[in-house]
Protein chains: 2
Amino acid sequence: MTMTIPTTPTSYHHGNLRQELMNLAVKHLISDGIGELSLRALAREIGVSQTAPYRHFKDKNALLAALATEGFSRFFEFCLPSEREPRADLSLLYFGLGYVQFAKTHTELFHLMFGPVLQPRNDYPELFAMGREAIYKVRASVERGYKTGVLRELDDVASMAHTVWAAVHGVATLMLDHGDTYGYHRDLDLQAEKSLRMMIAGFCTDPTEISQLPTTLTPYPPEPTE
Amino acid sequence: MTMTIPTTPTSYHHGNLRQELMNLAVKHLISDGIGELSLRALAREIGVSQTAPYRHFKDKNALLAALATEGFSRFFEFCLPSEREPRADLSLLYFGLGYVQFAKTHTELFHLMFGPVLQPRNDYPELFAMGREAIYKVRASVERGYKTGVLRELDDVASMAHTVWAAVHGVATLMLDHGDTYGYHRDLDLQAEKSLRMMIAGFCTDPTEISQLPTTLTPYPPEPTE
DNA sequence: ATGCAATGTTGACAGCGATTATATCGGGTG
DNA sequence: CACCCGATATAATCGCTGTCAACATTGCAT
């Protein structure tokens, strides 16, 4: 009887199936996309019966929802620079840059979190809550921007936050879903950042800070390393 | 031997299968969504064998691509007010409003046309061309706006058009995919229009025209009539 | 008329999500 | 210690799907 930690458990009960399913699912999500992900394939690869996953997830969408929820945790890390930035206008810019960066490096998770696959959201309360949390972060920045006078008070806080969100969301999704309409170049990253700056600058009382901030382009390419 | 026009053909050959498949597919797309659409179900409902559709579409995605391509034709009609408007800034606003309106009334088509389902676009040349045609329309407006001096020359025409596109696209997709994060109200339409105006106004030398134009809200609700 | 390309049919295969009933484990209670 | 119960995994199965290969029918051009 092996007493090793069950990395390769020989026992009847796997013991860590839920987590292992999610880990493997993320991998397949990255390499094959949402549509190709199959519960059966996951179970097969882990070496467990094809119905075992159903002990941990009510159905396939429940697994996807769990992935998306976990994805939000990673997403919030991408937005950390935004929360640490005291200037509200720069904070919004950092939020946008983090948003785009996340979309680029976790494309399939992004589609899961922000796309139409898991709808209506009411069926996934945790996921719903995560979305709310995200928008609240933007609202906080906008409110701060109003108080400090760096943002133009074009509308109430909620509406303004929604607008900022829409701007950022548009840049990111357009980059993902229509990137090949323009060709997949470094230009795309650059264009995304330019678009972000243009729009956010339009919300500022003094746009010079936004335009003067040095570019945050990450070393290109992340290029599918094969 | 009935000589009636084959609305209900009794002959071996259907004669109009391709078009009928597409019509029925659109219907099912509206009521059931992309994921639920099944070639077999379509064939069954039309009263034809389950493999007959493959004489007209290489695979399921080919049918979806055809739908998306056809969808662009309808889409361009929604943008007609934009092309008829001589003032370039208002033209962009109309483009955005048409875009949002289309997304709301043809949600599933919208997801097909602008979402990640049919990717890479290289596999669907006509679809690809349609996307290009759309962006060219925006570019034309931007160029006109530069020449007439109503748009601020924040960047070159292509970049500026991309940015406008991103703004509009963000408003529409956020409305569709995160509408229930805020609740499905008339407020959503209103918010979309406000966001559009805010962003486009930021691109104008004189934003008063944009903000003074009367609201274009259509009678609410389209409400699932069921 | 005849032959060919386009169109539709039949039958089959593998893969999928999901359900039901059954087997195995492990921890807490007597 | 023995026992039982809940949590977990299994086996067998259903109905559905996309897709393929081989065959049947049609209409049009020659």
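Reminder, nothing fancy here: chain letters follow the sequence lines and each chain counts from 1.
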Exercise for the section: Report the relative orientation of the aromatic rings in B:F110 and B:F102; use parallel for angles under 30°, tilted for 30 to 60°, perpendicular for over 60°. Expected result: tilted
Problem - side chain to side chain contact (heavy atoms under 4.5 Å, CB included) assessment of A:L190 paired with A:K194 - result: CA-CA 6 Å; A:L190 204 126; A:K194 285 206 293 187; 4.0 Å; yes
Fill in the blank from the handout: Taken to the nearest whole Å, CG/A:L63 to P/C:dC16 is 14 Å
Practice task
To the nearest Å, give me how far apart CG (B:L17) and C1' (D:dT26) are.
Solution key: 15 Å
Practice task
Could you check how far CD of B:E20 sits from P of C:dG8, rounded to whole Å?
Solution key: 11 Å
Exercise for the section: Report yes if the side chains of A:L118 and A:N61 come closer than 4.5 Å at any heavy-atom pair, otherwise no. Expected result: yes
Problem - Phosphate contact (D:dA9 OP1 or OP2) by A:H56 side-chain N/O below 4.0 Å - result: yes
Practice task
For residues 75-85 of chain A, pull every pair meeting salt bridge (charged side-chain N to carboxylate O under 4.0 Å, His left out), keeping only residues two or more places apart or in separate chains.
Solution key: A:E83-A:K137
Practice task
Measure the distance from CZ on A:R18 to C1' on D:dA7 and round it to the nearest whole Å.
Solution key: 14 Å
Fill in the blank from the handout: In B/S/- notation (B base, S sugar-phosphate only, - none; protein heavy atoms under 4.0 Å), nucleotides 13-22 of chain D written 5' to 3' is B---BBBB-B
Practice task
May I ask you to test the B:E108-B:L67 pair for a side-chain heavy-atom distance under 4.5 Å?
Solution key: no
Problem - Contact list for residues 165-175 of chain B, test side-chain hydrogen bond (donor to acceptor under 3.5 Å, both in side chains), sequence neighbours left out - result: B:Y99-B:H169
